[in-house]
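Fair warning: this is a prediction, and the values are worked out from it, not measured in the lab.
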Amino acid sequence: MYTGVAANGLVSAWAVLWGRRHGAPAGLTLGGVGFLLAVFGAVLDEWWHANVGKDVNLWSPPHLVGLAGTVLIAIGLLFALARHTRYGLEPRWWAPRVILLFGFADLIHKSMVALDHYTLDAWGRTPDFYPFLLALLLPAILVTAVRALGLGAATATAAIFTVQHMLILLALLGFGMRIPTVTPIPILPALAVDVVVIAFAARRAAARAAVAAGVAFALVLYAQETAWMAWAVGRPWGVARVVAAVPAVTLTAAVSAWVGWVLGTLLANAAE
């Protein structure tokens, strides 16, 4: 993990100290900020263990700071790739688009890590805060992918994540390790995002597409996770708690999707 962070730090240092004068993408500067943040998180983690104690779960300040740093690294790399390749000027150039899809899938992995115990133990998933975290993180990633790469990118991103996740679980099982429960598979919510964006594109109402896609994501997510908790986990959510939580989660997903639309627009502009 630290080797990967260090490699990104070296590339970012080159971009800032030398390469930028020769046209290196400014996105690598953002990656450099992420590198510094990740290193600060590691130092803070050592201090935390010495002065506070062992972490109960991932939701400690040092871990969240480090995770935020790696997110900035990933976003910086996405912008650097778009700016360097200018893939938007060549519709048939598929290689940068595929790499970007894997980058978006990586951001979904980071989101699942941020879910902490909700990923590890399905029986503890609640009908309010757990969907809220998913609605806060995933719509922004999926809508960014659609805006930057075109229709179908949300579903493709979710599919890549799913294949990678299954391979990771198989590898852990192969080494005889305990595996977390199957994390929420966002293919159906991602498909809902693509369908809504397609519908709004036909009406030339792109400005409202992101918000509608976020709403669709939240509703499909609730249907999927409610069924999963009832049939697979055996701990059904209470109807009253679900009804009470849906409005806030839906609003969160809509705002998250709007942020993704803005970020995806910036990424598409960099690609052109």
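If you take CD1 on Ile160 and NE2 on His109, they are separated by 9.5 Å, rounding to the nearest 0.5 Å. Note that the CZ atom of Phe104 and the CD1 atom of Ile75 stand 9.5 Å from one another [nearest 0.5 Å]. Atom-to-atom distance recorded for Thr144:OG1 and Leu100:CG is 11.5 Å, nearest 0.5 angstrom. Here CZ of Arg97 is found 16.0 Å from CZ of Phe102. Values are rounded to the nearest 0.5 Å. The structure places CG of Leu120 at 11.0 Å from CD1 of Ile179, a figure rounded to the nearest 0.5 Å. Taking CG of Leu266 as the start and CG of Leu78 as the end, the distance is 12.5 Å to the nearest 0.5 Å.
Looking at every heavy atom in both residues, Pro61 comes nearest to Leu44 through C-CD2, 4.3 Å. Nearest heavy-atom pair, Thr70 versus Val5, reported as atom, atom and distance to 0.1 Å: CG2-CG2, 4.4 Å. Nearest approach of Pro189 to Gln224, heavy atoms of both residues: CD-OE1, 3.5 Å. When all heavy atoms of Gln164 and Ala105 are compared, the closest pair comes out as OE1-CB, 3.9 Å. Residues Asn8 and Gly4 approach most closely at ND2-O, 2.8 Å, considering heavy atoms. Listed here is the closest heavy atom pair of Leu221 and Pro131: CD2-O, 4.2 Å.
Looking only at distances, no side-chain donor or acceptor of Thr85 sits under 3.5 Å from a matching main-chain atom of Pro96. Judged by distance alone, the side chain of Ser256 and the main-chain N or O of Ala140 form a donor-acceptor pair under 3.5 Å. Under a 3.5 Å cut-off, the side chain of Trp258 and the backbone N or O of Arg208 do not form any donor-acceptor pair. A donor-acceptor contact shorter than 3.5 Å links the side chain of Ser12 to the backbone of Leu28. A donor-acceptor contact shorter than 3.5 Å is absent between the side chain of Asp128 and the backbone of Ala245. In this structure, Asp116 contributes its side chain and Leu58 its backbone to a donor-acceptor pair below 3.5 Å. With hydrogens and angles ignored, the 3.5 Å screen pairs a side-chain donor or acceptor of Trp59 with a backbone N or O of Ala114. Side chain of Arg125 to main chain of Tyr118: a donor-acceptor pair is present (N/O by atom type, distance under 3.5 Å, no hydrogens or angles).
Here Met177 pairs with Leu172, Phe175 under the side chain to side chain contact (heavy atoms under 4.5 Å, CB included) rule; sequence neighbours left out.
Using a 4.5 Å heavy-atom threshold, the side chains of Phe79 and Leu263 count as touching. Looking only at side-chain heavy atoms (C-beta outward), Ile141 and Lys110 stay at 4.5 Å or farther from each other. Between Thr250 and Tyr222 the shortest side-chain heavy-atom distance does not fall below 4.5 Å. No side-chain heavy atom of Thr126 sits under 4.5 Å from any side-chain heavy atom of Trp237. Side-chain atoms of Arg241 and Val246, non-hydrogen and from C-beta on, never get closer than 4.5 Å to each other. Using a 4.5 Å heavy-atom cutoff, the side chains of Leu137 and Ile108 are not in contact. With a 4.5 Å cut-off on side-chain heavy atoms, Leu81 and Leu77 do not count as touching. The closest side-chain heavy-atom distance from Leu115 to Thr183 is not below 4.5 Å.
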> Does the pair His49 and Asp55 meet the rule for a side-chain hydrogen bond (donor to acceptor under 3.5 Å, both in side chains), with working shown?
Replying inline: CA-CA 7 Å; His49 291 166; Asp55 301 288; 2.6 Å; yes
> Does the side chain to side chain contact (heavy atoms under 4.5 Å, CB included) test come out yes or no for Phe35 and Val11, once each step is laid out?
Replying inline: CA-CA 10 Å; Phe35 163 75; Val11 172; over 6 Å; no
>> Between Val242 and Glu225, does the side chain to side chain contact (heavy atoms under 4.5 Å, CB included) criterion hold? Intermediate values first, please.
In response: CA-CA 11 Å; Val242 171; Glu225 294 305 305; over 6 Å; no
> How far apart are the C-alpha atoms of Leu37 and Val65, what are their side-chain angles, what is the distance that settles it, and do they pass the side chain to side chain contact (heavy atoms under 4.5 Å, CB included) test?
Replying inline: CA-CA 7 Å; Leu37 193 60; Val65 167; 3.8 Å; yes
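Tyr130 and Leu251 are assigned to two separate hydrophobic clusters, defined by single-linkage of ILVMFWY side chains at heavy-atom distances under 4.5 Å. Residues Ile198 and Val220 do not share a hydrophobic cluster, clusters being chains of Ile/Leu/Val/Met/Phe/Trp/Tyr side chains in contact below 4.5 Å. Val98 and Leu267 fall within the same hydrophobic cluster, where Ile, Leu, Val, Met, Phe, Trp and Tyr residues are linked whenever their side-chain heavy atoms come under 4.5 Å apart, directly or through other members. Linking ILVMFWY side-chain heavy atoms closer than 4.5 Å, directly or via other members, places Leu64 and Leu72 in a single hydrophobic cluster. Hydrophobic clustering (side-chain heavy atoms under 4.5 Å, transitive across Ile, Leu, Val, Met, Phe, Trp, Tyr) keeps Phe161 apart from Leu191.
The side chain to side chain donor-acceptor pair (under 3.5 Å) pairs that include a residue from residues 263-272 are Arg147-Thr265, where partners are two or more places apart or lie in different chains.
Ring pair His63/Trp48: centre-to-centre distance not below 6.0 Å.
Between Asp121 and Arg178 there is a salt bridge, with a side-chain nitrogen of the basic residue lying less than 4.0 Å from a carboxylate oxygen of the acidic one.
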